[in-house]
Structures are given as structure tokens and as C-alpha cells.
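First up is the structure itself, then whatever we jot down about it.
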Amino acid sequence: MRRELLRVGGVEAVGPYVLLRLARGGLEPGTPGQFFMLEAPGRVLPRAFSLCLSLPNELGFLLEPIGPGTTAIAALEPGDAIHVAGPLGNGFDLGVSRPLLVGGGIGVAPFPYLSECLGGPPALLGFRSAHHAEAAALVPHAEVVLDPTLVTEALPDDPGDVLACGPEPMLDALARVVPGAQLAREAPMACGYGACYGCVVPREGGYVRLCIEGPVVMANGTGEGA
């Protein structure tokens, strides 16, 4: 993990979301599903984001400006600079034979980089509207469903190796129907390295810190991601 001051190279609208492009500096992209802590201008605490795009000279982060932190980051302009730390946590296990990416809403954020690393597997993505579904253009070979259809209703009978990211109810439903799925869970993170215990969630009769034991965990509780 490194922390560097990175300059903003671009800020692009993708439906209601924002794709933030940062000069890569000396940061490594890590494993898909790991996360980075991005400085939120004017806010005390940084915000955690998974990597969306890994380019030779850029790192891309897809975010939804819904709170003061994400709104401040989305308001950055080319030439601005913020501190970025990462990669952190455990990402997806890429040693799967029949990957299927399953995502919902802003949960598609890690999929462009994940898809690249896996050679462009099929993806099943759910969104609340066609406007939100514009983000599907970032993910190759994606099948899109819109509310009220659920991604669990559109799963094939034999989904293979599911790698998922999205709202907690979606991940809980996937865990019930695909117990071997890899799930990228989410919780508020203040530090990103286990010191603050802000991302503690119940799991298998105990508690885990998602920034350390996750954010990618196995649906059946047998272990972590990569």
C-alpha cells in the first residue's frame, strides 16, 4: 500500500455516475475488488472506492455522488490533486474456470478492471433505470436487466463461478442461491487498514473487518477472496 498525491486527468459523466480519472503515479492497481482510499476535499475522512479502470498512466474510479464526500470528489476538475492510498483489502480470486460477473447499480464499479483481468467473461447487471444502465457500457459482454426484474431472476440455471458486487440485499439473495459466489461487500470505512473498526460486520457467528478480511468474501463463509 502506498499513499500519493495524484492529479485529476478527467471527470466524465456515465449516466448518473461519475468516472474520475487520476494520474497513476507510483500506485499499483492491485487485484480487482481491492479498494483505494480517496481524499474527499473539505471532509475529514477519505472515501473507499474499488478500482474501475487500470490504464498505463491512469487509474479510474466510478462513483455515485450522493453524500457530501462523494459529491466533493465528483466536483473535482482536471488539474486538481488529491491524496490516494492503496490498494487495500482482499480482492476477487481470479483462479476460476467459468466466471460470471453479477452486479447491481454502482456495484458494477470494479467490473471493467475485473473483466479485463479475466479475459472478458459474461456479465449480468441490474439497474433501477435506463439512465443508470448507461454504466453497463463500461463492462464487455453484459446482459442488462432493469427494475422490477432482479438479477437473481435472470441467473442461468448453472451460473458457474459468480463474482458479485452490489447492494447488500442483492448479495444476500445471491448467497442463498449461489453459496459458492464471491461477494464484494460494503461498509463505512474510515481508515482502510483495520484500526478504526468502522467496517465491522457480523459474519458466521462472529465479526469481521471488511477492510482486512474483505471486502471480497465467500458467500458460504468458507474464506476470503484473493
Go through it in stages, so that I can follow the logic: the residues are R185 and V201, the test is side-chain contact (heavy atoms from CB on, under 4.5 Å), and I'd like the CA-CA distance, side-chain angles, deciding distance and then a yes or no. CA-CA 10 Å; R185 296 280 187 178; V201 296; over 6 Å; no
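- For the pair S115 and P121, the minimum side-chain heavy-atom distance is below 4.5 Å.
- In this structure the side chain of D158 reaches within 4.5 angstrom of the side chain of R98, judged on heavy atoms.
- Atom-to-atom distance recorded for Y113:OH and L59:CG is 9.0 Å, nearest 0.5 angstrom.
- Smallest separation of non-hydrogen atoms from C52 and P112: O-CB, 3.2 Å.
- Taken together through direct or relayed side-chain contacts under 4.5 Å among Ile, Leu, Val, Met, Phe, Trp and Tyr, Y17 and F111 form part of one hydrophobic cluster.
- A154 and E143 make their closest contact through CB-OE2, 4.5 Å (heavy atoms, listed as atom of the first residue, atom of the second, distance).
- Side chain of R24 to main chain of L55: a donor-acceptor pair is present (N/O by atom type, distance under 3.5 Å, no hydrogens or angles).
- Going from atom NE2 of H83 over to atom CG of L6 covers 9.0 Å, rounded to the nearest 0.5 Å.
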side-chain contact (heavy atoms from CB on, under 4.5 Å) between I73 and F61, intermediate numbers included: CA-CA 10 Å; I73 295 172; F61 298 91; over 6 Å; no
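- Atom CG of L51 is separated from atom CD of E28 by 11.5 Å, given to the nearest 0.5 angstrom.
- Within the 4.5 Å cutoff, the side chain of R21 has no heavy atoms near those of the P78 side chain.
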When you look at R47 and L63, which way does the side-chain contact (heavy atoms from CB on, under 4.5 Å) test go after all the steps? CA-CA 10 Å; R47 299 296 188 270; L63 57 105; over 6 Å; no
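- Listed for the Q34 side chain is a donor-acceptor partner under 3.5 Å among the backbone atoms of G89.
- Residues V8 and V84 share a single hydrophobic cluster, defined by chaining ILVMFWY side chains whose heavy atoms lie under 4.5 Å apart.
- Follow the hydrophobic side-chain contacts under 4.5 Å out from L150 and you never reach V178; the two are in separate clusters.
- At least one side-chain heavy atom of L101 sits under 4.5 Å from a side-chain heavy atom of L118.
- Smallest separation of non-hydrogen atoms from P87 and G30: CG-CA, 3.8 Å.
- Under a 3.5 Å cut-off, the side chain of E213 and the backbone N or O of R209 do form a donor-acceptor pair.
- Between L100 and L155 there is a side-chain heavy-atom pair separated by less than 4.5 Å.
- At a threshold of 4.5 Å between non-hydrogen side-chain atoms, the residues P46 and F36 do not count as touching.
- The closest side-chain heavy-atom distance from L20 to F49 is not below 4.5 Å.
- For the pair L174 and T152, the minimum side-chain heavy-atom distance is below 4.5 Å.
- Tracing side-chain contacts under 4.5 Å through hydrophobic residues (I, L, V, M, F, W, Y), one reaches V139 starting from L94; they form part of the same cluster.
- Cluster annotation: V14 and L125 are assigned to the same hydrophobic cluster (Ile/Leu/Val/Met/Phe/Trp/Tyr, side-chain heavy-atom contacts under 4.5 Å, transitive).
- Although no hydrogens or angles enter the test, the distance criterion places no donor-acceptor pair under 3.5 Å between the side chain of R7 and the main chain of A23.
- A distance of 8.0 Å separates CD of E58 from CG of L22, quoted to the nearest 0.5 Å.
- Here the closest heavy-atom approach between residue G180 and residue N220 is recorded as CA-ND2, 4.1 Å.
- Remark: the backbone N or O of P215 is not paired with any side-chain donor or acceptor of N90 at under 3.5 angstrom.
- Rounding to the nearest 0.5 Å gives a distance of 7.0 Å between CG of L171 and SG of C165.
- Annotation: E39, atom CD; neighbour count of heavy atoms from other residues, nucleotides and ligands within 6.0 Å is above 12.
- Side chain of H132 to main chain of F127: no donor-acceptor pair is present (N/O by atom type, distance under 3.5 Å, no hydrogens or angles).
- Distance alone, capped at 3.5 Å, is enough to place a donor-acceptor pair between the E4 side chain and the G26 backbone.
- Once rounded to the nearest 0.5 Å, the distance linking CG of L146 with NE2 of H131 reads 13.0 Å.
- In this structure, P16 and P65 approach most closely via the heavy-atom pair O-CD, 3.7 Å.
- Among all heavy-atom pairs drawn from F35 and G192, the shortest one is CZ-O, 3.5 Å.
- Exactly one residue among V96, D161, V102 makes a side chain to side chain contact (heavy atoms under 4.5 Å, CB included) with Q182. That residue is V96.
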